[in-house]
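Letters go in sequence order (proteins before strands), and every chain restarts at 1.
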Number of protein chains: 2
Amino acid sequence: MALRYAIMTALLEDELSGYDLARSFDISLGFFWQASHQQIYRELRNLSDRTWVSHRAEQQKGRPERHLYSLTPKGRAALDEWVLENDRMRLQETKDEFYIKLYNLSPDSIDYLADRLAARRSAMMERLYLYERIRRRHYDNPSKLPLRRKGVYLALLGGIMQGKQYLAWCDEALAMLASAAEELPGSSSDADTA
Amino acid sequence: MALRYAIMTALLEDELSGYDLARSFDISLGFFWQASHQQIYRELRNLSDRTWVSHRAEQQKGRPERHLYSLTPKGRAALDEWVLENDRMRLQETKDEFYIKLYNLSPDSIDYLADRLAARRSAMMERLYLYERIRRRHYDNPSKLPLRRKGVYLALLGGIMQGKQYLAWCDEALAMLASAAEELPGSSSDADTA
DNA sequence: AAATGATATGCAAAATGTTGCATATAGAAA
DNA sequence: TTTCTATATGCAACATTTTGCATATCATTT
């Protein structure tokens with residue numbers, strides 16, 4: 001269900017195409033909800049059928065038409081209702097295979113896992129840069145924002161805080177993995193004892 | 001795919017029933033991977049078909065039989081292989097509807113959202129107590145743990161750090177929502193001006 | 001005595017999400 | 001000139017997850 005409302009939320013202020021929506025899921029919305037373009041196009045058709053969104057075609061030279069979607073009053077009402085609906089409260093459902101792999105830490109896997117963890121660390125770092133940039137540019141003085149933008153800011157803040165915490169965890173984990181690898185019998189990286 | 005390996009990981013040290021597995025997903029494993037009992041039973045059948053787990057029935061008076069599952073050498077090998085497999089690196093996929101609802105912050109929704117946020121805060125607090133208890137009891141001196149337990153510890157630490165960060169975010173968000181609600185025209189909670 | 005909650009397992013349908021493919025053009029880079 | 005990237009949309013098959021139901025017993029609570 002939530003994808004449907006995420007799309008409508010993205011349409012609150014702008015008229016967007018499926019492609020635009022996919023982009024916007026890549027950036028701002030995508031921190032809390034991910035969706036592929038296939039899912040988005042399918043859901044847009046669904047929303048059109050319900051008349052919760054309307055669309056108009058925009059001709060373009062050469063390229064396929066752009067279908068621009070916007071929220072109808074009916075869709076807007078459905079969104080407003082959903083916001084106030086019973087909250088299922090799934091507490092921070094972090095579904096990440098990596099933790100399962102960590103449960104399987106062994107001499108065979110330690111180097112691989114440390115490597116993958118380092119990759120995650122730098123990917124998160126990059127994402128954080130993006131979010132901090134957005135924060136500085138658009139949310140510099142949060143207390144002065146209009147109400148709805150305050151909500152968006154809080155979501156962004158959630159992403160930023162979570163990202164920073166993740167970096168801190170990566171650092172602790174990498175340090176622990178490094179020292180554990182050193183203590184391993186037959187560790188081939190004892191170059192300093194030569 | 002990951003559920004399959006999560007189950008096998010849970011079976012690494014103990015022989016467990018479907019019910020036990022569902023319990024263990026509720027607690028330790030469930031911080032990073034959630035699964036309902038229906039999913040677990042289905043996956044256990046699947047794993048049996050592949051002969052990656054074996055099972056034996058345990059009679060009980062009155063109650064239905066308990067089917068106890070354990071990892072076969074073949075399953076163990078498949079798990080080991082999976083751990084070293086190409087990592088898809090889905091960076092912390094936080095799928096939480098609540099953030100979408102926050103994007104829809106309005107005078108109509110602010111009280112409801114503040115209430116739901118407070119509920120999340122206390123649920124997370126409770127979960128944190130549980131994890132801190134486990135940490136103190138079983139992972140008091142992480143550097144002395146055997147290698148595999150270090151991995152489990154790191155996952156637990158990830159959960160704890162994430163939980164603490166979430167609490168901090170909740171506090172910031174609640175404060176902001178409270179001050180925004182006060183500034184609302186027609187705020188009926190101006191009891192102090194009577 | 002009846003209701004609830006924990007133990008213990010499972011089917012079926014619906015909703016959601018992923019993966020692979022397919023089409024088409026413009027502009028930039030190699 | 002070919003290849004790559006971005007724009008722009010979509011189908012079909014498959015995998016996964018969720019929701020609702022169903023069964024059965026024991027122990028505790030109302």
Side-chain angles (χ1 to χ4, degrees), chain A residues 1-7 15-27 29-30 32-50 53 55-69 82 85-90 93-97 100, chain B residues 1-7 15-27 29-30 32-50 53 55-69 82 85-90 93-97 100:
Chain A
M1 286 301 96
L3 173 59
R4 171 177 307 164
Y5 297 101
I7 288 174
E15 186 187 35
L16 298 171
S17 71
Y19 191 84
D20 296 333
L21 281 164
R23 279 325 99 231
S24 107
F25 272 90
D26 280 348
I27 48 167
L29 260 174
F32 334 105
W33 206 271
Q34 302 80 38
S36 61
H37 72 272
Q38 290 93 334
Q39 270 181 283
I40 289 166
Y41 286 118
R42 201 203 304 170
E43 196 60 47
L44 280 173
R45 235 172 300 139
N46 191 307
L47 283 167
S48 283
D49 291 348
R50 295 167 177 266
V53 301
H55 64 284
R56 61 185 188 84
E58 193 186 57
Q59 294 299 330
Q60 297 188 121
K61 10 136 212 155
R63 293 187 190 165
E65 286 183 325
R66 253 165 79 88
H67 299 286
L68 290 165
Y69 292 85
W82 174 75
E85 227 173 44
N86 14 7
D87 176 16
R88 287 184 300 158
M89 192 160 72
R90 299 271 161 92
E93 295 210 338
T94 307
K95 259 195 178 167
D96 191 339
E97 304 189 346
I100 303 174
Chain B
M1 284 301 95
L3 173 59
R4 170 177 308 163
Y5 298 101
I7 288 173
E15 186 186 36
L16 299 171
S17 70
Y19 191 84
D20 295 333
L21 281 163
R23 281 322 100 234
S24 108
F25 272 89
D26 280 348
I27 49 166
L29 260 174
F32 333 106
W33 206 270
Q34 301 80 38
S36 61
H37 72 271
Q38 291 93 335
Q39 271 180 282
I40 289 166
Y41 287 119
R42 197 189 322 148
E43 196 59 49
L44 281 173
R45 237 171 298 136
N46 190 306
L47 283 167
S48 283
D49 292 347
R50 294 167 178 267
V53 300
H55 63 285
R56 61 184 187 85
E58 194 186 55
Q59 294 300 328
Q60 299 188 121
K61 10 131 215 163
R63 294 191 190 162
E65 287 184 323
R66 254 165 80 86
H67 298 287
L68 289 166
Y69 291 85
W82 174 76
E85 226 172 47
N86 13 6
D87 175 17
R88 287 186 299 159
M89 192 162 72
R90 301 270 161 92
E93 296 210 341
T94 307
K95 261 196 177 165
D96 191 339
E97 304 189 345
I100 303 175

Take atom [atom1] of [X] and atom [atom2] of [N], then tell me their distance rounded to the nearest Å.
| X | N | atom1 | atom2 | result |
| --- | --- | --- | --- | --- |
| B:L21 | C:dG10 | CG | P | 12 Å |
| A:I40 | C:dG17 | CD1 | C1' | 12 Å |
| A:H55 | D:dT9 | NE2 | P | 11 Å |
| A:Y41 | D:dT7 | OH | C1' | 9 Å |
| B:E97 | C:dA15 | CD | C1' | 13 Å |
| A:L44 | D:dG10 | CG | C1' | 12 Å |
| A:N46 | D:dG10 | CG | C1' | 15 Å |
| B:D20 | C:dT7 | CG | C1' | 10 Å |

Does A:S24 have any side-chain hydrogen bond (donor to acceptor under 3.5 Å, both in side chains) partners at least two apart in sequence or in another chain, and if so, which?
none
Between B:R23 and B:Y69, just flag the one whose closest nucleotide in DNA chain C comes earlier from the 5' side.
B:R23
Go through the structure and list residues passing salt bridge (Lys or Arg N to Asp or Glu O under 4.0 Å) with B:E85, not counting sequence neighbours.
none
Salt bridge (Lys or Arg N to Asp or Glu O under 4.0 Å) with B:R50: which residues, sequence neighbours excluded?
none
Mark up nucleotides 11-17 of chain D, 5' to 3', with B wherever a protein heavy atom is under 4.0 angstrom from a base atom, S wherever such an atom reaches only the sugar-phosphate, and - elsewhere.
B----SB
Which residue pairs satisfy the salt bridge (charged side-chain N to carboxylate O under 4.0 Å, His left out) criterion with at least one member in residues 16-26 of chain B, sequence neighbours excluded?
B:D20-B:R66, B:R23-B:D26
Residues forming a side chain to side chain contact (heavy atoms under 4.5 Å, CB included) with A:F25, sequence neighbours excluded:
A:L3, A:A6, A:I7, A:L29, A:W33, A:A35, A:I40
Indicate the atoms forming the closest heavy-atom contact of A:Y69 with A:S48, along with that distance.
CE2-OG, 3.6 Å
Report yes if a side-chain nitrogen or oxygen of A:Y19 is closer than 4.0 Å to either non-bridging phosphate oxygen (OP1 or OP2) of D:dT9; otherwise report no.
no
